[in-house]
Amino acid sequence: MAVTGDETETGSTGDMTSYQLGNPTSSIPQKTSGPHHSQTSLEEALKKRELRLMKNREAARECRRKKKEYVNCLEKRMEILENQNKTLIAEIKALKDIYHHKE
DNA sequence: AACAAATAGCGTCATCTGGC
DNA sequence: GCCAGATGACGCTATTTGTT
């Protein structure tokens, strides 16, 4: 619901935490061996980072989806077991009643 | 209607984990 | 040991819900 999916990247929702702000390339190696070479390697590093972020974004979504499904299953199972429990309790009560009326 | 608190969902980072 | 994928934790926005 929140956040309409299509505003990814470049901190569009302003939810970058302090350590994420500033230099998005901070985790990228900054070797300088010639102007052209460093430029391309920087571009490559940025591309690599974007790819990594994109993959992790997808992974996080999938992870949450699976977790939600798991919790839903547990809740359904709980409901079934609670009903079974009620039925069994009622059965026990009925059997006890029969037993006591025989006395 | 206006507001606050609660809830849901997202993106990112750090860390864990299993396969190679 | 390295790497990719999975997941917990965090901070954030948007939506829903209850209260005045």
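The chains referred to below are lettered A, B, ... by the order of the sequence lines, with proteins before strands, and numbering in each begins at 1.
As a whole-Å value, the separation of A:Arg57 CZ from C:dA4 P is 17 Å. Atom CG in A:Asn56 sits roughly 12 Å away from atom C1' in B:dC10 (whole-Å rounding). Here C:dA4 presents its C1' atom at 15 Å from CD of A:Glu58, a figure rounded to the nearest Å. Put simply, CD on A:Glu62 is 15 Å from C1' on B:dC10, counting in whole angstrom units. As a whole-Å value, the separation of A:Met54 CE from B:dC10 P is 17 Å. Per the geometry, CG belonging to A:Leu51 stands 11 Å off C1' belonging to C:dA4, to the nearest Å. Following rounding to the nearest Å, A:Lys66 (NZ) and B:dG9 (C1') show an atom-to-atom distance of 18 Å.
Put simply, A:Lys67 has no side-chain N or O that comes within less than 4.0 Å of OP1 or OP2 on C:dA6. Contact check, A:Arg61 against B:dG11: a side-chain N or O comes under 4.0 Å of OP1 or OP2. In this structure, A:Arg52 does not reach the C:dA4 phosphate: none of its side-chain N or O atoms is under 4.0 Å from OP1 or OP2.
Of the candidate nucleotides B:dC13, C:dT7, B:dG9, C:dT7 has the atom nearest to the side chain of A:Ala59. Across C:dT7, C:dG5, C:dG8, the shortest atom-to-atom separation from the side chain of A:Lys55 is found for C:dG5.
A side-chain contact (heavy atoms from CB on, under 4.5 Å) with A:Arg65 holds for exactly one of A:Glu69, A:Lys68, A:Lys67; it is A:Glu69.
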Check your understanding: side-chain contact (heavy atoms from CB on, under 4.5 Å) between A:Lys96 and A:Ile92: does it pass, once the steps are laid out?
Key -> CA-CA 6 Å; A:Lys96 276 183 179 171; A:Ile92 288 168; 4.1 Å; yes
Point to revise | Intermediate values then yes/no, salt bridge (charged side-chain N to carboxylate O under 4.0 Å, His left out), A:Lys48 and A:Glu44 | key: CA-CA 6 Å; A:Lys48 227 176 179 179; A:Glu44 266 175 34; over 6 Å; no
Review point. Going through the checks in order, is the side-chain contact (heavy atoms from CB on, under 4.5 Å) test met by A:Gln84 and A:Leu81?
Key: CA-CA 5 Å; A:Gln84 277 182 2; A:Leu81 289 173; 3.6 Å; yes
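Taking only distance into account, the side chain of A:Arg64 meets the base of B:dG11 through a donor-acceptor pair shorter than 3.5 Å.
Interatomic distance, A:Thr87 OG1 to A:Glu82 CD, rounded to the nearest 0.5 Å: 11.5 Å.
For the salt bridge (Lys or Arg N to Asp or Glu O under 4.0 Å) test, no residue two or more places apart in sequence or in another chain qualifies with A:Glu79.
The residues A:Lys47 and A:Glu43 are annotated as not salt-bridged, no charged nitrogen and carboxylate oxygen being separated by less than 4.0 angstrom.
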Could you list the protein-to-nucleotides 18-20 of chain B atom pairs, N/O on both sides, closer than 3.5 Å?
none

